[in-house]
Every structure is written in C-alpha cells, then in structure tokens.
*Asks:* 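Here it is: the structure, laid out below.
Labels below follow one simple rule: chain letters A, B, ... track the order of the sequence lines, proteins then strands, and each chain is numbered from 1. Every heavy atom of this structure was used, including side-chain atoms; hydrogens, water molecules and symmetry mates were not.
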2 protein chains.
Amino acid sequence: MNYEEAKIKFISTWGSLGTLWGINKAMAQIQALLFLSTKPLSMEEIMEELKISRGNTSMNLRQLMDWGIVTKEIIPGERKEFFTTEKDVQELARIVAKERSRREIKPVIKVLRDVSSIEDDGTKKTKELIKQTKALHDLTETADAMINKLVNQEQNWVTKSLLKLFK
Amino acid sequence: MNYEEAKIKFISTWGSLGTLWGINKAMAQIQALLFLSTKPLSMEEIMEELKISRGNTSMNLRQLMDWGIVTKEIIPGERKEFFTTEKDVQELARIVAKERSRREIKPVIKVLRDVSSIEDDGTKKTKELIKQTKALHDLTETADAMINKLVNQEQNWVTKSLLKLFK
DNA sequence: ATAAACTTTCAATAATTATTGAAAGTTTAA
DNA sequence: TTAAACTTTCAATAATTATTGAAAGTTTAT
C-alpha cells in the first residue's frame, strides 16, 4: 500500500465510521482529510480532493466548526478561507464525547426521568414501566457522567484510567 | 403524563435514539416494547402495538435475536412464537457494547493498523499520515479495550468503575 | 398426506437523508 | 462604488435506507 492508497483507505473508512461518532459521511471525510493534511486547506482543495460540491463542502465545514472540531485559518495575503482540524486525538475524543452528550444523551436522560416519574397507579404494568425506565435512567446518567469525567481529564486520560482501573 | 403517554414517549424516544447504539428505529422500538412488557409478546401483538408490518417485525426480531438481545419463548399450548428481551440494563449494555465492538470498532482498528504500517518513504506527508493514523489506532484500541473490560465486569460495573476511578 | 396456522423472504415502494448547483449574499481591493 | 473573488443558501434531485405485503416456506395437528 502506497501513500495515496493509504490516504484513500483512511478517508473512506473514517467516513463510513461517521455513524459511530454521530456525524455524516461527508463531514467525517472532510475531517479525515484535514486530519492528514500538513497544511490548512481551502474549500477549493477539499472539493477537489473529495470530489464533492461546493455547497456540500460549505455546509459540512460549517457543521464541523459548530462541533468545534474544525477552525478557520486566516492566511495573510490570501483571499480564500483555509481550514484546519484539531490534530490531537485525545482532544478530538474529548470534543466529540462532550458534544454527543450535550446533543443526544442529555435530552434522553431528561425523557427517561420524566417517564420514570409518572404517578404509580399500583398496576403491574405501571410498576414495570417505572422500574425499567428508572434503571435505564440511572445507567444512562452514570455512563454519561463517567464518559464526561474520563474525557475531561487532562492529558493521557485513557492510559491513566486504564492504569487505575485494571492494574 | 399517564401510563399510555409515558409508554409511547419512551418507545419513540428509544427508537430515535437507535442510532446512538447503532440499530434502526423499528428494531429499537420493538426492543423498547418488549423491555416494558410484563409478559412475552407474539409477532401479532408487536405489529399491532407499533403499527408495523409483519415482514418488518419478522426481520427486525431476527436482527435483535442476532444481537442476542431478544429471545424466542416457547409457550406450552401455543402455536405462535413469543418474544422477550433481556431485562437487566447492565447485561443489555454489555451485549450492545460487545457487539458494536465486534461489528464496527474491531474492523476499523484493523484498517488503522494497516494504514499506519505503510512504508515510510521519508516525505513529510507520509510521516504525517503514519503519525496521525497511529495515534488514532492507539486511541481506538485502548478505548475499545477499556469499554470491553468495563462492560465485561460482573454485576454493577458502572458503580464499581466510578468508585475506582474517581474516589 | 393435508390443510390450517404461522413465519420468512424479497421485489416493489415509500420515507428519509445527502448532495448538487446555481442564485443570492458577502467581502475585499482598487 | 463597483466588480471580482469568494461563500452561503436552498429548492431540486439523487442516493440510501426502511417498510410493505403478498407469495413462498415451514411447522403442527389431525
């Protein structure tokens, strides 16, 4: 496998993995491209490399900026805008975990709390609903807290955590 | 919010959350319905409650069984098949984490290893590709190992882990 | 062996989601 | 101020993914 093949393979794998971290294919591919690039890229260059339209590039760059993963670079003497992504994988993981928590997990926790708080009318089915959604609420909340805590640690959280947990 | 409202809200929220644990809407809704039910349900009952077709129900039940989340119950004297889901949320989390690791994370780790192992031709861009994909490989592998380890612990892994990590 | 009761399969269709591209909008240089 | 260089928006379209429903398949009771 040469450079070009490796690059293509990485970008397409990362793209199709997008779902795992909750973003779409183009978004993930743009991020992957920037992640490998040794210099900031313009919209033109991104479109060209990934063979996607200007509109698509613009919209997905915007989303990546909303996530806080990509930033605009201003390059003196250049009219175009240039983009870079966070290069540190742990910082990247931190941002993604935090955003998914905020966007998806927190709202679900709220629903689970509401649902598990309905009045107990004494019937078996109501008792079951309360019991099960409460269990799910507690699990989700704890897992969410754990991920956020892990991910908000300083440098090298993964290694540190593993050491603490499994030594 | 009464029982029926709470039930509907839970099922639809859990359904749209499907993406977060990597399954589709109908699949998640069927699981949610079984999760609340105090008794095994037939295909007929599931179709009826969720208003989905026989084919859809059959296919999604099959997938849930492939995941190991739902099991067929044999009820003496009944011709129909009945279904139940794992009711313990921690066991559920264990199964989901394990399956996602096997289906999605492990294959990505393999690609990252391959890509990060290309020959270093000394160019800047190749060095960057190797460095960055290696970092991603290590992070992904460590996170995967951690989740699997956590999730394979006996009873009460979340609580235990939290205690160990953050006391 | 047969037929009723039930489940699975899968081509057709519907619903959803992503992408395009051109018009509208914005910024900058002169 | 204007026009060139660039970006954003969004209605139309394409691609993908989910769902249906009826025919084919299977199992069970007699």
*Asks:* Could you tell me the separation between the CD atom of B/Glu81 and the P atom of D/dT26, rounded to a whole number of Å?
*Replies:* 14 Å
*Asks:* Under 4.0 Å, counting only non-hydrogen atoms across every strand here, what does A/Asn56 touch: a base, just sugar-phosphate, or nothing?
*Replies:* base
*Asks:* In whole angstroms, how far is the C1' atom of D/dT19 from the CZ atom of B/Arg62?
*Replies:* 17 Å
*Asks:* What does the 5'-to-3' dot-bracket notation of DNA chain D look like when only Watson-Crick and G-U wobble pairs under 3.5 Å count, and pairs to other strands show as |?
*Replies:* ||||||||||||||||||||||||||||||
*Asks:* Write down the distance between CG (B/Asn60) and P (C/dC10), rounded to a whole number of angstrom.
*Replies:* 16 Å
*Asks:* Quickly work out the A/Asn24 CG to C/dT19 C1' distance and round it to whole Å.
*Replies:*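 It is 10 Å, rounded to the nearest whole Å.
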*Asks:* Rounded to whole angstrom units, what separation is found between the CD atom of A/Gln63 and the P atom of C/dT19?
*Replies:*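 Whole-Å distance recorded here is 11 Å.
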*Asks:* Would you indicate which nucleotide in C/dA29, C/dC10, D/dT8 comes nearest to any side-chain atom of B/Met59?
*Replies:* C/dC10
*Asks:* May I ask you to decide whether B/Glu128 forms a salt bridge with A/Lys39, counting only side-chain N to carboxylate O separations under 4.0 Å?
*Replies:* no
*Asks:* Go through residues 29-54 of chain B and report each residue with a non-hydrogen atom lying under 4.0 Å from DNA chain C, sorted by number.
*Replies:* B/Met43, B/Arg54
*Asks:* Please report, rounded to the nearest Å, how far the C1' atom of D/dT8 is from the NZ atom of A/Lys80.
*Replies:*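 Atom NZ in A/Lys80 sits about 17 Å away from atom C1' in D/dT8.
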*Asks:* Of the nucleotides D/dT8, D/dA5, C/dT19, which one has an atom closest to the side chain of A/Ser58?
*Replies:* D/dT8
*Asks:* For B/Glu78 and C/dA5, give me the distance from atom CD to atom P, rounded to whole Å.
*Replies:* 13 Å
*Asks:* In a table with atom names and distances, give each donor-acceptor pair under 3.5 Å that connects a side chain of residues 73-82 of chain A to protein atoms at least two apart or in another chain.
*Replies:*
residue, atom, partner, partner atom, Å
A/Glu73, OE2, A/Thr84, OG1, 3.4
A/Glu81, OE2, A/Lys72, NZ, 3.1

*Asks:* Given atom CG of A/Leu61 and atom C1' of C/dA18, what is their separation to the nearest angstrom?
*Replies:*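 Atom CG in A/Leu61 sits about 16 Å away from atom C1' in C/dA18.
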*Asks:* Heavy-atom distance under 4.5 Å between the side chains of B/Glu119 and B/Asp121, does that happen here?
*Replies:* no
*Asks:* Map B/Ile23 and A/Met65 onto DNA chain D by nearest heavy atom, then report which one ends up closer to the 5' terminus.
*Replies:*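 Counting from the 5' end, the first nearest nucleotide belongs to A/Met65.
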